[in-house]
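Here the structure comes first, spelled out in structure tokens, and everything after it is commentary.
Ligands are counted one by one from 1 in listed order, and the atoms in each one are counted from 1 as well.
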Amino acid sequence: MEIVRTVHEMQTYSDEVRAQGSITGLVPTMGYLHEGHLSLVRRAREDADIVIVSIFVNPTQFGPGEDLSTYPRDFESDVHLLEKENADVIFNPAVSGMYPEPSLTNVYVHKLTQGLCGADRPGHFEGVALVVAKLLNIVKPHKAFFGAKDFQQQAVIRRMVTDLNFDVEIVTCPVVRERDGLAMSSRNMYLTSDERERAAVLNQSLEEAERLIKEGERSVDAILNRMRTMIQSKNPVKIDYVSAVDPDTLEPVTGIRGPVLLAVAVRFGKARLVDNRLVEP
Ligand code: AMP
């Protein structure tokens, strides 16, 4: 496995493997890898000849007061895990390499970035779209792999790729969960053991909502109220949102008439946790 640290080296490598006819897959991450990330790497290993995993804590997607400086990092452990998965390359650029100057170019995907996490984290998805656009241009992968845990993120990326004609296939992989259903996340390490136990309510509320819908409940208010009550009973610091949206437009639905994305963002202790579930009535 190679570790590539500069943009130029990464571009040269990608050009070479593409010229040899290899199918390349990119898994963009911020490191501190867990089974959720590794599931994307395994899928990339199946779908591509050359698997490139980027590890880059992207400053432009963190807002003021967010956890950029404390975001967990463990590069040695990441290298070890990726060696076991037979990844071919880790792309680990320096911030100064990715942003030699502040970017005057912005990638703003309208509408899809307005609601859900976009409302609570202004500028976040612009930072994400910018860094993913840069990574796609640097690595030039045939396929890029994203997790459904960050559903809004993959929706924004898909739209950016379509609108800007990036020549890449976006593959979205299912949410990987802990035994009690908590979606795996690098930020789970911020939780105390008590908060960690209580946080399982996110997935429980999504399962309950799915059960209600499958049993015929069609009132969005009734479903969201039940979810809020369940989450509130576990004393979170704050519920950022509990929403039911159209999975394509991410706009709130007023009734359950087709597939619906139930999505939650809740703060327990120092962690802001997100989860979602796509439900077919
Ligand atoms: P991050 O390092 O948090 O930026 O995540 C990198 C990629 O891994 C993103 O595409 C995430 O959606 C994905 N990911 C993170 N956690 C999970 C999970 N529990 N299940 C599936 N994918 C995940």
Check this for me: does any side-chain nitrogen of one of [X] and [Y] sit under 4.0 Å from a carboxylate oxygen of the other?
X	Y	answer
Asp88	Arg45	yes
Arg277	Asp275	no
Glu9	Arg5	no
Lys270	Asp67	no
Arg272	Asp120	yes
Lys140	Asp15	yes

Starting from [atom], which protein heavy atom do you reach first, and at what distance in Å?
atom	result
atom 5 (O) of ligand 1	His37 NE2, 3.4 Å
atom 4 (O) of ligand 1	Met30 CG, 3.6 Å
atom 20 (N) of ligand 1	Val176 N, 2.8 Å
atom 22 (N) of ligand 1	Gly147 CA, 3.4 Å

Under 4.0 Å from a heavy atom of [X]: which atoms of ligand 1 are those, numbered in the order shown and with their elements?
X	value
Thr29	2 (O), 6 (C)
Met184	16 (N), 17 (C), 18 (C), 19 (N)
Pro28	6 (C), 7 (C)
Leu40	7 (C), 8 (O), 10 (O), 13 (C)
Gln153	9 (C), 10 (O)
Pro174	20 (N), 21 (C)
Val175	20 (N), 21 (C)
Asp150	11 (C), 12 (O)

Practice task
Answer yes or no: are there more than 12 heavy-atom neighbours, outside Lys84 itself, under 6.0 Å from its atom NZ?
Solution key: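 Atom NZ in Lys84 is not crowded, with 12 or fewer foreign heavy atoms closer than 6.0 Å.
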Exercise for the section: Run the contact test for Arg177 against ligand 1 with a 4.0 Å cut-off on heavy atoms, strictly below, and give the result. Expected result: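 The answer is no, since Arg177 has no heavy atom less than 4.0 Å from ligand 1.
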Exercise for the section: Measure the distances from the heavy atoms of Gln154 to every atom of ligand 1 and state whether one is below 4.0 angstrom. Expected result: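 It does not, in that no heavy atom of Gln154 comes within the 4.0 Å cut-off of ligand 1.
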Handout entry: Arg121: partners by salt bridge (Lys or Arg N to Asp or Glu O under 4.0 Å), with sequence neighbours left out
Key =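 Partners of Arg121 by the salt bridge (Lys or Arg N to Asp or Glu O under 4.0 Å) criterion, ordered by chain and then number, come out as Glu66.
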Can you tell which part of [X] has a heavy atom less than 4.0 Å from ligand 1: side chain, backbone, both or neither?
X	value
Val27	neither
Glu35	neither
Ala148	neither
Ser185	neither

Handout entry: Cation-pi geometry met for Lys134 and Tyr99 (6.0 Å, 45°)
Key =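 Positive - Lys134 is close enough to the ring of Tyr99 and near enough to its axis.
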Practice task
Name all pairs fulfilling the side-chain hydrogen bond (donor to acceptor under 3.5 Å, both in side chains) condition that reach into residues 224-237, sequence neighbours left out, sorted by first residue then second.
Solution key: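 Every pair satisfying side-chain hydrogen bond (donor to acceptor under 3.5 Å, both in side chains) with a residue in residues 224-237: Glu208-Arg226, Asn225-Arg228.
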Practice task
Would you indicate whether the side-chain heavy atoms of Leu40 and Arg43 approach each other to under 4.5 Å?
Solution key: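 Not touching, per the 4.5 Å side-chain cut-off.
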